Amino acid sequence: ESQLNPNYSFENFLEGDSNRLARNASIAVANKPGGTSFNPLLIFGGVGLGKTHLAHAIGVDIKDKYPEKTVLYISAEKFTQQYIEAVKKNNRNDFIHFYQIIDVLIIDDVQFFSGKTGTQDVFFHIFNHLHQNGKQVILTSDKAPVDMIDIEQRLLSRFKWGLSAELQTPDFETRVSILRNKLYRDGVEMPDDVVEYVAKNIKTNVRELEGAIISLIAQSSFNKKEITLGLAREIVEKFVKNTKREVSIDYIQKVVSDYFQMDINTLQSKTRKRHIVQARQLAMFFAKKYTKASLASIGSQIGQRDHATVLHACKTVDNLTTTDKQFRKYVDDLSKKLSM
Ligand code: ADP
Ligand code: MG
């Protein structure tokens, strides 16, 4: 079976400036799988902007138009697990063969391949085989190919063969139409001012937008209250607070020291050992980025340093992020952990 979710259709994917290119390219690919220059089609963009939805929509539409074609949707994570299993059981060749006879292969979140050389290698061979045989490959990623870290060059260059299309944050009008469409499909009525209020205040991604509407509907039915602007204000306020809770400097030090497998005392110590200095500088950098604390206050909380030391740490991190790939991976990993 193809693992496709029929609710993730093109019809349900509202168009706006933020997604027009990606949506149209997806439709073109679905009309002629393997028969356009968009091969592979790589859809990239931040969390909750519709990558998985579009990837499914392509598969759903192809299954509809070309029932005889084999379409497979799989997350990069699951693909990796399957591959590891196959190697353990001495089935590597069966694994490769299984994927080489698929007509349309959709792999979601390929950034997961980062650093996994075995999986990248096997995917490289599968990709080449499919591409040479005119089969369609669709990939999604949270980054553009140029920003991908720890992915082999030869694979990156394949990613760039076709089309990379970005999903951006939808503008207000698009957010309103996404909400209206969802409410309509769920058979829920909601006053215009409420819909607009939610769309205006929740801007980061579509998943959160839907989440806010869902809690609004739930609250109104649990408490038998009408969905009014007042209720929307209450809920959206809570929602925004919960999703943007400020992280503390202690928490940052904990996350950074866990990441580098050292304890907080080591991170704060006076030592000049390079990896410890770097961990400390990263903690300072993230404290500056994610809290409102002053440089002086950050310094005093991270091992009694002065404000100039913190400033220097922030600059060092900025520099290393642009010049040192490994270091940039630290920053990316930690950003993810801290923004959960
Ligand atoms: P991603 O994979 O990029 O993290 P998803 O595809 O899971 O994001 O999308 C998150 C939610 O937002 C899903 O419920 C999806 O249906 C919805 N969504 C995103 N973009 C749109 C859109 N343009 N129109 C309708 N729904 C959308
Ligand atoms: Mg996704």
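Every heavy atom of this structure was used, including side-chain atoms; hydrogens, water molecules and symmetry mates were not. All values reported here derive from a predicted model rather than from experimental measurement. We count ligands from 1, going down the list as the structure has it; atoms in each ligand are counted the same way.
Distances below 4.0 Å separate heavy atoms of G46 from the following atoms of ligand 1: 3 (O). Residue-ligand proximity, N19 to ligand 1, at heavy-atom distances under 4.0 Å covers atoms 23 (N). Short contacts between ligand 1 and N12, defined as distances under 4.0 Å to a heavy atom of the residue, involve ligand atoms 24 (N), 25 (C), 26 (N). Shown in contact with H53 at under 4.0 Å from a heavy atom are these atoms of ligand 1, numbered in order with element: 6 (O), 15 (C), 16 (O).
Aromatic pair F113/F79: centroids less than 6.0 angstrom apart. A centroid separation of less than 6.0 Å is found between the aromatic rings of F260 and Y330.
Not a single heavy atom of G45 sits closer than 4.0 Å to an atom of ligand 1.
The shortest N or O to N or O distance between F13 and ligand 1 is not below 3.5 Å. At a 3.5 angstrom cut-off on N or O pairs, V47 does not count as close to ligand 1.
Considering only non-hydrogen protein atoms, atom 7 (O) of ligand 1 sits nearest to R207 NH2, 2.8 Å. With hydrogens left out, the protein atom closest to atom 12 (O) of ligand 1 is V206 CG1, 3.1 Å, a heavy atom. From the protein, the heavy atom lying nearest to atom 23 (N) of ligand 1 is L14 O, 2.9 Å. Closest to atom 4 (O) of ligand 1 among all protein heavy atoms lies G48 N, 2.7 Å.
Comment: K65 engages D61 in a salt bridge, judged by a side-chain N to carboxylate O separation of less than 4.0 angstrom. Salt bridge annotation for D258-K254: present, with a cationic side-chain nitrogen under 4.0 angstrom from a carboxylate oxygen. Residues K116 and E152 are not paired through a salt bridge, judged by the lack of any N-O separation under 4.0 Å between the basic side chain and the carboxylate. D324 has no carboxylate O lying under 4.0 Å from a charged side-chain N of R328, or vice versa, which leaves the two without a salt bridge. With respect to K182 and D186, a salt bridge is recorded, a charged nitrogen being found less than 4.0 Å from a carboxylate O.
Closest heavy-atom approach to atom 8 (O) of ligand 1 within the set P170, G50, A55, A22: this belongs to G50. The nearest non-hydrogen atom to atom 2 (O) of ligand 1, considering only T140, N205, T52, comes from T52.
The side chain of E210, and not its backbone, has at least one atom closer than 4.0 Å to an atom of ligand 1 (non-hydrogen atoms only; side chain from C-beta on). Residue contacts with ligand 1 for I178 involve side-chain atoms from C-beta outward but no N, CA, C or O (heavy atoms, distance under 4.0 Å).
More than 12 heavy atoms of other residues, nucleotides or ligands lie within 6.0 Å of NE2 in H125, so this atom counts as buried by the packing criterion. Within 6.0 Å of the NZ atom in K160, the count of heavy atoms belonging to other residues, nucleotides or ligands exceeds 12.
Side-chain atoms of D332 and S335 include no donor-acceptor pair closer than 3.5 Å.
Among the atoms of T52, an N, O or S atom falls under 2.8 Å from the Mg ion (ligand 2).
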